[in-house]
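Report on the following structure.
What's counted below: heavy atoms across the whole structure, side chains too, no hydrogens, waters or symmetry copies. Bear in mind that the values here come from a model prediction, so they are computed numbers and not experimental data.
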Amino acid sequence: AKLGEAHPDTLQSLNNLALILADQGHLAEAEDLYQKALKKSPEDHPQTLTCLNNLAGFLQAKGQLAEAEDLYEKVLKKRKEQLGKDHLDTLAGLNNLAALLKAQGRLAEAEPLFREALEKSRPKLGNQH
């Protein structure tokens with residue numbers, strides 16, 4: 001069976017390939033794949049949000065912090081709407097945004113986000129995680 005270019009599994013494969021290419025230093029090709037996957041993805045699909053999150057991390061690593069922050073905030077907002085503010089994927093997004101703020105030296109903004117992510121994750125993951 002042929003899945004097609006816009007099937008979530010195909011988009012997941014594009015996202016995964018982009019991650020590997022970025023790790024190998026093929027940054028332009030990785031960014032092109034992220035953009036290709038996003039153009040074909042339904043805007044609010046969970047896989048789209050994963051791809052956006054990964055693109056944000058990619059941009060953060062490239063030093064494009066403002067763009068990364070915008071994407072992390074978009075993903076966090078959509079995940080809160082779709083999954084709820086206490087879902088582990090939402091909390092991971094909160095942690096990602098906090099880490100970006102920390103990397104920018106915006107510690108006072110990062111700390112409450114880290115605390116919230118920790119406090120809400122602990123009951124779900126346990127103290128040993």
Side-chain angles (χ1 to χ4, degrees):
K2 188 173 182 179
L3 298 179
E5 290 188 12
H7 190 279
D9 290 349
T10 304
L11 300 173
Q12 176 66 44
S13 294
L14 285 173
N15 180 61
N16 291 344
L17 181 56
L19 286 168
I20 294 296
L21 290 169
D23 287 345
Q24 293 175 335
H26 303 292
L27 303 184
E29 191 176 357
E31 190 164 3
D32 286 346
L33 282 177
Y34 281 127
Q35 296 300 340
K36 181 179 179 181
L38 289 170
K39 285 179 185 169
K40 297 177 183 293
S41 299
E43 185 176 338
D44 291 340
H45 191 279
Q47 181 54 42
T48 305
L49 297 179
T50 297
C51 190
L52 279 173
N53 183 75
N54 291 345
L55 177 57
F58 173 80
L59 294 173
Q60 181 178 351
K62 283 181 49 178
Q64 294 174 252
L65 303 182
E67 295 92 337
E69 184 175 348
D70 289 345
L71 288 179
Y72 279 139
E73 288 176 347
K74 180 178 181 173
V75 170
L76 183 59
K77 180 180 183 281
K78 292 287 185 182
R79 283 185 172 162
K80 282 181 180 178
E81 291 169 2
Q82 290 180 5
L83 304 172
K85 60 184 174 58
D86 296 336
H87 190 278
L88 287 175
D89 288 346
T90 304
L91 298 174
L94 187 64
N95 193 71
N96 290 343
L97 178 58
L100 174 72
L101 295 172
K102 178 181 177 276
Q104 292 175 311
R106 295 162 58 187
L107 304 181
E109 294 173 71
E111 181 186 359
L113 301 183
F114 277 131
R115 287 185 184 278
E116 181 181 351
L118 177 64
E119 289 168 11
K120 290 181 177 178
S121 296
R122 192 173 276 153
K124 298 172 185 302
L125 298 174
N127 289 330
Q128 302 303 318
H129 186 79

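Ala22 approaches Ala30 most closely through the heavy-atom pair N-CB, 3.7 Å.
Note that the NZ atom of Lys80 and the NZ atom of Lys85 stand 9.0 Å from one another [nearest 0.5 Å]. Once rounded to the nearest 0.5 Å, the distance linking CD1 of Ile20 with CG of Leu33 reads 12.0 Å. The CG atom of Leu11 lies 13.5 Å from the NZ atom of Lys39; values are rounded to the nearest 0.5 Å. Of the inter-residue distances, the one linking Ser41 atom OG with Gln12 atom CD reads 10.0 Å to the nearest 0.5 angstrom.
Using a 4.5 Å heavy-atom cutoff, the side chains of Leu55 and Leu59 are in contact. Counting only heavy atoms from C-beta outward, the side chains of Lys40 and Thr10 never approach each other to under 4.5 Å. Between Asn95 and Leu113, every side-chain heavy-atom pair lies at or beyond the 4.5 Å cut-off. Taking the side chain as every heavy atom from C-beta outward, Leu94 and Phe114 never approach each other to under 4.5 Å. The shortest side-chain heavy-atom distance between Glu67 and Lys62 does not fall under the 4.5 Å cut-off. Between Lys78 and Leu83, the closest side-chain pair of non-hydrogen atoms is not below 4.5 Å. The shortest side-chain heavy-atom distance between Leu21 and Gln24 falls under the 4.5 Å cut-off. The shortest side-chain heavy-atom distance between Tyr72 and Gln60 falls under the 4.5 Å cut-off.
Residue Leu17 is not grouped with residue Tyr34 when hydrophobic side chains (ILVMFWY) are merged at heavy-atom distances under 4.5 angstrom, including chains of intermediate members. Two different hydrophobic clusters hold Leu52 and Leu88 under the rule that ILVMFWY side chains link at heavy-atom gaps under 4.5 Å. Linking Ile, Leu, Val, Met, Phe, Trp and Tyr whenever their side-chain heavy atoms come within less than 4.5 Å leaves Leu49 and Leu76 in two separate clusters.
Paired with Cys51 under the rule side chain to side chain contact (heavy atoms under 4.5 Å, CB included), one option of Leu71, Val75, Asn15, Leu19 passes, and it is Asn15.
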Evaluate Glu73 against Lys77 for salt bridge (Lys or Arg N to Asp or Glu O under 4.0 Å), listing each step before the verdict. CA-CA 6 Å; Glu73 288 176 347; Lys77 180 180 183 281; over 6 Å; no

Candidate pair Lys74 and Arg79, rule side-chain contact (heavy atoms from CB on, under 4.5 Å), full reasoning: CA-CA 9 Å; Lys74 180 178 181 173; Arg79 283 185 172 162; over 6 Å; no

Give the intermediate values and the outcome of salt bridge (Lys or Arg N to Asp or Glu O under 4.0 Å) for residues Glu69 and Arg106. CA-CA 12 Å; Glu69 184 175 348; Arg106 295 162 58 187; 2.8 Å; yes

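Using modelled atom types, one side-chain atom of Thr90 and one backbone atom of Gly84 make a donor-acceptor pair closer than 3.5 Å. Between the side chain of Glu109 and the backbone N or O of Leu101, no donor-acceptor pair lies under 3.5 Å. Distance alone, capped at 3.5 Å, places no donor-acceptor pair between the Thr48 side chain and the Asp44 backbone.
In the displayed structure, Arg115 atom CZ is contacted under 6.0 Å by at most 12 heavy atoms of other residues, nucleotides or ligands. Heavy atoms of other residues, nucleotides or ligands lying less than 6.0 angstrom from NZ of Lys120 number more than 12.
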